[in-house]
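Some notes on the structure that comes next.
Just so it is clear, the structure is predicted and the values come from calculations on it, not from any experiment. Convention: sequence-line order gives letters A, B, ...; per-chain numbering from 1.
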There are 2 protein chains.
Amino acid sequence: MREFYTITELTKEFGVSTRTLRFYEDEGLIQPFRRGRTRLYRPADRHLIKQIMRGKRLGFSIAEIRDIIQMYREPPGEGGQLKTIIAKIEERREELRQKRRDLEETLAELDRAEEACLERMAELGVST
Amino acid sequence: MREFYTITELTKEFGVSTRTLRFYEDEGLIQPFRRGRTRLYRPADRHLIKQIMRGKRLGFSIAEIRDIIQMYREPPGEGGQLKTIIAKIEERREELRQKRRDLEETLAELDRAEEACLERMAELGVST
DNA sequence: CATAACCTTTACGTAAAAGTCAAATAGGCC
DNA sequence: GGCCTATTTGACTTTTACGTAAAGGTTATG
């Protein structure tokens with residue numbers, strides 16, 4: 001576990017541009033610390049980027065990802081706020097469950113499409 | 001099962017604007033037939049829209065959705081093409097599996113975040 | 001010292017996916 | 001026929017998520 005990473009190291013690891021990482025910083029998703037003007041990313045920042053990438057692959061917008069990330073942060077002190085956060089977590093969970101249903105249905109349709117292709121190939125006497 | 005639907009019926013059902021459905025038509029995703037100039041959507045078109053919405057929720061672009069939709073269409077006659085399609089299906093499947101992993105990991109993190117909230121609330125003596 | 005290989009900010013550009021608005025037309029009903 | 005509402009096309013605008021270029025600071029190496 002490295003103590004920190006430079007911006008280009010992370011761009012290579014995650015397959016994104018430096019522009020992208022700086023953009024996420026502007027958007028308040030990550031806050032690498034600085035040595036002079038140069039950004040240095042700690043393991044925690046790296047993990048955040050991993051979460052951002054996951055969110056992106058799942059089709060969440062930057063704003064939504066920001067929201068999700070906020071929920072991972074240390075829970076604040078006030079009881080009412082905690083309940084609000086839990087409610088938000090439940091909302092996200094429901095969204096993710098919807099995505100899971102979408103995913104399973106899409107996989108099922110792909111299976112059917114493949115079936116149809118294989119059958120058609122058998123009809124044509126094409127070797128698999 | 002209705003024989004067809006008007007554009008506004010479908011916008012209400014799917015929670016999108018008429019602009020969106022016309023946009024999808026321009027993009028070649030759907031081809032409702034016309035009575036005069038008016039669009040009429042058949043059950044097959046409706047099902048296509050359902051697939052488009054699923055794709056959108058999963059974060060696919062219009063171009064990707066178009067690709068996926070093409071794969072559902074009747075398999076063409078030529079053997080080489082069928083193999084190409086099957087290869088594409090396998091690609092999409094792998095993408096979807098990645099999304100599923102992302103999904104499960106995100107759900108797990110939400111669970112942990114909720115745990116932390118609940119613990120913190122217990123500490124504070126807040127009633128659940 | 002100069003060259004390379006990094007890093008920085010600032011600013012403008014762009015593609016995708018619609019939103020919005022206008023003006024024209026069509027269909028249904030009294 | 002007249003009116004109302006739904007629908008059409010077309011054009012312009014907006015938002016998101018970056019890309020790209022300009023102009024320059026920093027550090028290591030020969």
> Salt bridge between A:R93 and B:D111, side-chain N to carboxylate O under 4.0 Å?
Replying inline: yes
> Which one of B:R57, B:R54, B:K56 satisfies the side-chain hydrogen bond (donor to acceptor under 3.5 Å, both in side chains) criterion with A:D102?
Replying inline: B:R57
Rounded distance in Å - [atom1] ([X]) to [atom2] ([N]):
| X | N | atom1 | atom2 | value |
| --- | --- | --- | --- | --- |
| B:F23 | C:dT20 | CZ | P | 16 Å |
| B:R57 | C:dA17 | CZ | P | 16 Å |
| A:R66 | D:dT16 | CZ | C1' | 12 Å |
| B:I30 | C:dA18 | CD1 | C1' | 14 Å |
| B:E27 | C:dA16 | CD | C1' | 9 Å |
| B:I62 | D:dT16 | CD1 | P | 18 Å |
| B:L21 | D:dA6 | CG | P | 16 Å |

> Considering residues at least two apart in sequence or located in another chain, which fulfil the side chain to side chain donor-acceptor pair (under 3.5 Å) criterion with B:T106?
Replying inline: none
> Reading nucleotides 5-13 of chain C from the 5' end, what letters show protein touch, with B for base, S for backbone sugar-phosphate only, - for no heavy atom under 4.0 Å?
Replying inline: -SSBB-B--
>> Go through it in stages, so that I can follow the logic: the residues are B:E109 and A:Q51, the test is side-chain hydrogen bond (donor to acceptor under 3.5 Å, both in side chains), and I'd like the CA-CA distance, side-chain angles, deciding distance and then a yes or no.
In response: CA-CA 10 Å; B:E109 304 229 39; A:Q51 292 177 323; 2.9 Å; yes
> Distance from B:K99 atom NZ to B:E104 atom CD, nearest 0.5 Å?
Replying inline: 14.5 Å
> Quick check: does any side chain N or O of B:T38 sit under 3.5 Å from a backbone N or O of B:R34, one acting as donor and the other as acceptor?
Replying inline: no
